[in-house]
Amino acid sequence: MDELEHLFNEYRAALPDPDASANFTPGVWKRIESRRFPVRLMKRAAEAFVALAAVVTLLIGMFIIPRMQTAPVYSASYVDVLSAERSADGLDYTDIARTENPTPEVANK
């Protein structure tokens, strides 16, 4: 039993009781906050990034997408597109075949 008492006495001597002063609790919180500072900073940066991404997404949805949809390409009808394509290409293959002189081999067939 003496050995156990001796062990407890050494333990008490190695770890003294914490201060019971008026600054004990604020000191504990100060140490806790100093450990949590980088985590809190990263959390706030992530929240700010998410908010910024949400605002950018809303702005794209409200301003850029409607302007892209009012482009002349989307306001043209199917007939307008076909007529513009025909005038840009010139003659079709059937028009070229009609205007050229057929070779004798083609004429005999």
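With sequence neighbours excluded, the residues that form a side-chain contact (heavy atoms from CB on, under 4.5 Å) with Ile64 are Ile60, Met68.
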Show the atom names and distances, to 0.1 Å, of all donor-acceptor pairs under 3.5 Å that link a side chain in residues 41-59 to residues at least two apart or in another chain.
{"from": "Thr57", "atom 1": "OG1", "to": "Ala53", "atom 2": "O", "distance (Å)": "2.7"}

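Rounded to the nearest 0.5 angstrom, Lys30 NZ and Asn23 CG are separated by 9.5 Å.
Within 6.0 Å of CD in Glu3 there are 12 or fewer heavy atoms belonging to other residues, nucleotides or ligands.
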